[in-house]
Enquirer: 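Sharing a structure with you now.
By convention in this document, chain letters (A, B, ...) are assigned in the order of the sequence lines, proteins followed by strands, and residues within each chain are numbered from 1.
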Amino acid sequence: MQVNDNKEFQPLIVAFCCNWCSYAGADLSGTNRLNYPTNVKIIRVPCSCRVNPIFILRAFQRGADGVILCGCHPGDCHYTSGNYFTRRRMTLLFSMLDFLGIERDRTRVEWVSAAEGAKFAATMNEFTEAVKKLGPNRRLEDLRCRKQ
Amino acid sequence: MQKIGVFVCHCGTNIAATVDVKAVAEALSHESGVVISQDYQYMCSEAGQNLIKDAIRENGLTGVVVCSCSPRMHENTFRKAAAAAGLNPYLVEIANIREQCSWIHKDIATATEKAIILGRAAIAKVQLNTPLTAGESPVAKRALVIGGGIAGIQTALDIAEAGFEVDIVEKEATIGGKMAQIDKTFPTLDCAACILTPKMVEASQNEKITIHSYSEVSAVKGFIGNFTATIKKKRRFVDETKCTGCGACTEVCPMQKVPNAFNLGLNNRGAVYIPFAQAVPKVATIDPNYCLKLRKGDVNEKVCGKCAEACTAGAINYHQQDEYIEQKYGAIVVATGYNPIKLDKFDEFAYNQCADVVTSLELERLMNAAGPNGGTLLRPSDKTHPHKIVFVQCVGSRCDDSKGKPYCSKICCMYTAKHAMLIREKYPDTEVYVFYIDVRTPGKNFDEFYRRAVEQYNVHYIKGMVGKVTPKSDGKIDVQASDLLSNEQLHIDADMVVLATAIEPDKTARPLATMLTTQMDTNDFFTEAHAKLRPVESATAGIFLSGACQGPKDIPETVAQASAAASKAIGLLVKDSITCNPCVAHSNELMCNGCSACEKVCPYGAITYQDKEFRTPYRTTVMRRVASVNPAVCQGCGACTVACPSGAMDLNGFSNSQIMAEVDAICK
Amino acid sequence: MSNNLKEQVIRSSGVNVLKCMRCGKCSGTCPSYDEMEYHPHQFVYMVEKGDIETLMNSDSIYKCLTCFACVDRCPRSVEPAKVVEAVRLAAVRIQGNNHLIPDQIPEMLDEDLPQQAIVTAFRKYTK
Amino acid sequence: MNTFMYYPGCTLRTQAKDLDAYARSSAEALGISLEEPENWQCCGGAYTTAKDEIATKLSAVRTLNAAKEADKPLITVCSACHNVIKQTNYDISHDEEMSAKVNNYLQLDEPYNGEATVYHYLEMLRDVVGFDNLKKQVVNPFKGKKIAAYYGCLLLRPSKALAMDDPENPTIIEDFIKAIGGTPVIYAQRNECCGGYITMEDKAQASKRSAKVMDSAQEQGADMIITACPLCMYNLKKNSGSELPVYYFTELLAEALEVKEADNE
Amino acid sequence: MQEAIISRAKQLLADGTVNRVIGWKRGEFAYDITPAIFESPEEIDADFVYDDFTSANVSKYLVKESRKEGKILAFLKTCDTYSLNQLTKEHRVDRDNIYVVGIPSDGKLDVEKIKAKGITGITGVERNGDILTVKTIYGDETMSVADAMSNKCLSCKSKKHVTYDELIGEDGEVTDTNRFDMVEKLENMTSQERYDFWRNELSKCIRCNACRNVCPACTCENCVFNNPDSGVENKAAADSFEENMFHIIRAFHVAGRCTDCGECSRVCPQNIPLHLLNRKFIKDINSLYGEYQAGADTTSKAPLNNYTFDDCEASIVHERGVE
């Protein structure tokens, strides 16, 4: 969580992006100068299927307010099948987080190809807004990790 | 103790205009482990790289973080620079502060703040980087080409030319494929046999090439550089080494009612046959479904046996069995080709009801000098000369329903123009109508060719589609069609109808893809590794694609792709060993459960298991099943790392602790 | 108006006219082709353009035999006969626009005419 | 004994009494019991493909539901009834919106969603009796008769819904002809429309269509033509201008089984 | 039943089919039954117990035991056979080294439920149809069997043994239970209500690891929570997040592998309904990817190691029902 001058809540968003599609899509939105908020910080992974649920929980533990996972569109995975596994894993994980009462809008999976710079920016804008509306993550954080 | 160097790039003003690079360098200099933090105009320039190299040498850096453009841009540049200065290239990390920071944000304060956080994440990660060395795996200097059509032949010739052994596996009794059945080729109208058969002979005479005809690949194991294939040589009841191809057996065979597959059943042949005069290998084959002796079941019975009597070379062997050959290959090229689809679902065109409604490939045989009519175009029904011929385009292509194929078969527009032209040339008294939806002629000299058919040969091209073909009692065929430009429904009294039948991949392609763990699309065409940039490679390393097995193609395109696939295969075969991407998975045997979860999600079959002995307390040991990753096969996706419940499986370069360190640094 | 009509026809027919690749096979196969002013492929194209009223005012809508030859043979699964039916319904549903009125029936009858024909014609021409 | 629910339809009660009578007597001879549903209504004559018409489809659903409740397959012999009922059944089981609307309207004890099985009489002969079996029961075969099968449009199309035979190269009536000892004549117009209901207002068009069918059959040397549809029968006989005899397939069946006179005095 | 089991165990030891038996013996109290290894008929006669309190699933012990010399005899209730099958599928046990005798299970008793009726000093029980006679040092008490039945048996999913070498008694069928009712009830709550429910439950966790230690799916050589490289190493929960983390990850790790044996909740000293987490995954898997019962066979692909091209998107979670 970041607090800026006018004290509007600024969520911290962690975005996991696969190297081949979504990270390149993020680069493309940069190349095209398409703005999205500074709240979003990208972590590069080889494939969306590299993202362990533990990473996502860890981000929430350390104070992230939203976590989004981006990968190649189903069928386009550089490694042929990675994102299909991702899709099942994340569907079940998100469903479980929802079951535990964690706000469902804090998590998201989006397929962004290397050509979809505009979609990447739009997705990040939307997601940041959605998380902003939810307010700070309180239900799934480690109090010891909160910034004083 | 870590000694990390941080290098912040201005990228001219690309970064420096929105990110206060000096502030970033300053802030990052306070991070733990950082011993030097500098900024520079252009880090990727030679001077910039020298800055990094000098810093590595002078400060004995253990890790480098470059805050610059996307790693997709210059990661390799900086890795090379590090390696030149003696630092393992995998100890370099990039913080992307251009594409993912300066270019998308406007406010300098927040952009700078974000750049610092991204730098911190890279520093946190690089602390956990380990030096990686790319592994090596040997390459067997032999290629396997599956399919002996023009694609397979061209690929094999090119590979052999480069000095490597090649095996062609062809399921039919001869190589040559579809091109051997074709009469003339567009857009030059030279005779297919005249340009193909020399290549077939060349292939058979090339000492580097081994042709396994009447054979199929029954199993493939291994990985790039190191495949093992099992080839099943089907029994042809003729000893290939003895048969001289004299054809005496084919003449004495009393069973002459076998539909001649080479002529698409338009005439008959014997139960023992040589597919066509220029067949390679020119060896007879007995069809056990028709041979009077073999059909009996007991070959010892005194039935027929005329071919054996006629064969002076003693090549006929009724007792022959299938033979299996196992061979190691460094590269595999798939060239399984295509077939016209079955037309059972399109009987509005009366293909099954009228002998004079033929497919285009059948027309090739009907017009071919070596075909059933010796090159004179005659109606199959009554052997009379047709005076009005209607061509129907897109039969089974571009369909949205289950009857046909959704794609354009690509070659039909051109071969139809060729057929029309050849007929008009040879039989000026024959009227030719072509019903088309679109005429697609992209290709060198293609449209000119089609225009010639219209302008010079006066072929009637009609925009519209045939709706119903009705054979009549007088032998004519009523073709009911729409003419969309004149907005009328036409009835043409034709003598023959030729259907430009959609083409589909050979039926053997799908089981082969499973065997090779390569991808296919829903139409059973092999999928290339990248639609634009890697068009002749499959996504599975070491497997290449040649010809129409990858998608509909004409001959020039097929040959071009065949040579391209060959050059890719040669590029692999010239190497004694291949360098593997070191960012691969590895399993910690002490933690591995041997549960096979990782193996199940691995798209490359890179994970195998073995039983290993482990020490347990009190000097006892226990056998456990543990996973090991073949670094030559693993591509580093990381699917296994998440499937593994104990965390025994981890990924070099993107380890659990590295990613977690990034998460922590960002969330700090 | 015409946009509403187009929507109505598309909804009523359940046909996606955009799937048409303009091959004309429907018109090539249509047994009523010569009786029609507008032909099956034109129905599809004109509905796509939104030019429905022209079709509604044409006699062509009463010439379709609903034999489904175009439906079965269309390579793109467009189902032109369903478009014709939808346009005809749009026409006869207009008050007073029935194409067949009961008073006309007696003179059409002959002793062999099966009532199937009468029932069907009523279904097709009348609302 | 196999029992079916048998739906005759309106025309079989009036102009096509033969079609009905021979169907019944032949079924009896073949050991098939046909039960007529109570208070059946007209099928509607033509199936409205429009998605926004429900009322015109209800009577077919009522018939189908009667078969479902009786737990018997529904059998039809008139091509038009068959077409309407099969299309209704297909759509109601594939189109949720339609099924919801119909069930909302009908308020049956249990919603109807396409559970009933619908057979054409010919399908019953093929799939239940079996043409081989039928052949054995023929006492009066049509030896040497060249018989042309006329499918028309309603029996085969739309093939997705009717699913009776290959719509372009059907064999069911030809196989039937072989079973009763005749020689089938294949001709191109056998699956093209006779002109149908257009005969009401455009005799010329109906004549053109039916003449084309008859000519096509005659050209291939047919001695007679057989059909399952009263309207086809009407158009071919009345409008084609051809002298080629046209019969209902049931008539030939009854004759082959020698039950023709018994029921049709 | 105990006699039949004991006599069969002794036979199989005597004829050399097996050299060890895994069974159960009694602890300090009548209802305190724990798994134990027996190597001789004498040991069996002395200590072997099989009664209404014998709930413990012994299949997990076979991970280690089946790697030892010689064959081991295991008596498995229906639910235990699912666990063993799953372990076989994951190569965690050497099935060839195990001789499985399937025994019927008509439901086991939960002593806590008996105690909750105010009954103490229990020395034994006797079942007579639906009536349970509890013997205590203070005399006999009666209650209905159903009231004393352990929760996991109340929602028994199957009376059918999925693997065995021989059976004692008749085999049953897969049963149709309402085991997802509670999961569904929670799903229909609001997000805040669910959060409150789980906060209340999970905050009771003392990280004793009993759930992990008893779970037949948790047989990792080294648990990720003990692995210093995993980044989530934590041996004792220090705060609410870590309670969540432990249970979410544990449930996720057994998702698609959990046979729903219910041992986790049975052994939880804090009575946290941990099985609901597993059942939530099972329910989701069944509804999203098709019915799947872990342990029903040894060949099918686990749902999380499998996919289809048209699987639903993760957004399905965001689109459904109650927020």
Side-chain angles (χ1 to χ4, degrees), chain A residues 48-49 52-63 67-71 73-77 80-111 123 127 130 134 137-146, chain E residues 183 186-187 189-199 201-202 224-225 230-232 238-242 244-249 251-253 255-256 276-281 283-285 287-289 303-323:
Chain A
S48 60
C49 71
N52 198 310
I54 294 176
F55 302 163
I56 293 173
L57 295 178
R58 173 73 156 220
F60 284 126
Q61 173 190 32
R62 298 295 158 121
V67 178
I68 181 165
L69 175 50
C70 300
H73 285 268
D76 293 345
C77 177
T80 72
S81 54
N83 50 7
Y84 290 119
F85 294 118
T86 305
R87 188 160 63 176
R88 283 204 172 186
R89 289 167 183 164
M90 292 306 138
T91 304
L92 291 179
L93 176 70
F94 293 175
S95 178
M96 177 54 76
L97 292 178
D98 178 47
F99 188 62
L100 293 172
I102 313 305
E103 304 93 332
R104 45 177 79 154
D105 285 340
R106 290 199 191 279
T107 50
R108 185 155 165 192
V109 171
E110 197 70 52
W111 310 125
T123 303
F127 187 62
L134 289 176
N137 161 32
R138 299 258 182 249
R139 292 185 184 172
L140 199 63
E141 66 171 339
D142 185 339
L143 297 176
R144 295 168 310 181
C145 298
R146 191 186 290 174
Chain E
V183 174
L186 278 164
E187 286 172 344
M189 291 180 178
T190 64
S191 180
Q192 183 66 45
E193 284 168 344
R194 282 198 295 273
Y195 179 73
D196 294 341
F197 173 88
W198 283 110
R199 201 77 293 278
E201 292 293 348
L202 293 178
V224 72
F225 289 102
S230 72
V232 286
D239 77 347
S240 66
F241 177 81
E242 286 176 358
N244 284 331
M245 178 88 162
F246 174 75
H247 291 292
I248 300 170
I249 294 298
F252 192 82
H253 278 180
L276 291 177
L277 296 176
N278 301 325
R279 278 191 186 163
K280 168 63 177 164
F281 274 133
K283 183 169 178 282
D284 278 348
I285 287 168
S287 66
L288 299 174
Y289 309 124
L304 269 168
N305 297 339
N306 204 356
Y307 61 88
T308 64
F309 296 134
D310 42 16
D311 280 342
C312 63
E313 296 295 339
S315 56
I316 193 168
V317 175
H318 302 81
E319 283 151 11
R320 71 184 169 203
V322 192
E323 167 67 27

Enquirer: Could you measure the distance from the CZ atom of F252(E) to the CG atom of L97(A)? Nearest 0.5 Å is fine.
Expert: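 Nearest 0.5 Å value for the CZ-CG distance: 10.0 Å.
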Enquirer: Could you check if a side-chain atom of I285(E) sits within less than 4.5 angstrom of a side-chain atom of R88(A), using non-hydrogen atoms only?
Expert: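 A side-chain contact under 4.5 Å is absent here.
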Enquirer: Where on D310(E) is there a heavy atom nearer than 4.5 Å to chain A: the side chain, the backbone, both, or neither?
Expert: backbone
Enquirer: Is it true that a side-chain atom of R87(A) and a backbone atom of F309(E) form a donor plus acceptor pair closer than 3.5 Å?
Expert: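 Yes: the side chain of R87(A) pairs with the backbone of F309(E).
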Enquirer: According to side chain to side chain donor-acceptor pair (under 3.5 Å), who are the partners of R58(A), at least two apart in sequence or on a separate chain?
Expert: D664(B)
Enquirer: Under 3.5 Å, is there a donor-acceptor pair between the side chain of R194(E) and the main chain of D98(A)?
Expert: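 Here the side-chain-to-backbone pair exists.
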Enquirer: Could you tell me whether the side chain of H318(E) and the main chain of D105(A) form a donor-acceptor pair under 3.5 Å?
Expert: no
Enquirer: Any side-chain heavy atom of I248(E) within less than 4.5 Å of one from P53(A)?
Expert: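 Heavy-atom side-chain distance check fails, nothing below 4.5 Å.
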Enquirer: Report yes if some heavy atom in the side chain of V224(E) is under 4.5 Å from a heavy atom in the side chain of I54(A); otherwise report no.
Expert: yes
Enquirer: What residue, out of W111(A), F85(A), F99(A), has the most heavy-atom pairs lying under 4.5 Å from chain E?
Expert: F99(A)
Enquirer: Drop me the distance from T86(A)'s OG1 to D311(E)'s CG, to the nearest 0.5 angstrom.
Expert: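 Between T86(A) OG1 and D311(E) CG, I get 11.5 Å after rounding to 0.5 Å.
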Enquirer: Who wins among W198(E), Y289(E), F197(E) for the most heavy-atom pairs under 4.5 Å with chain A?
Expert: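 Looking at each of W198(E), Y289(E), F197(E) in turn, Y289(E) comes out on top.
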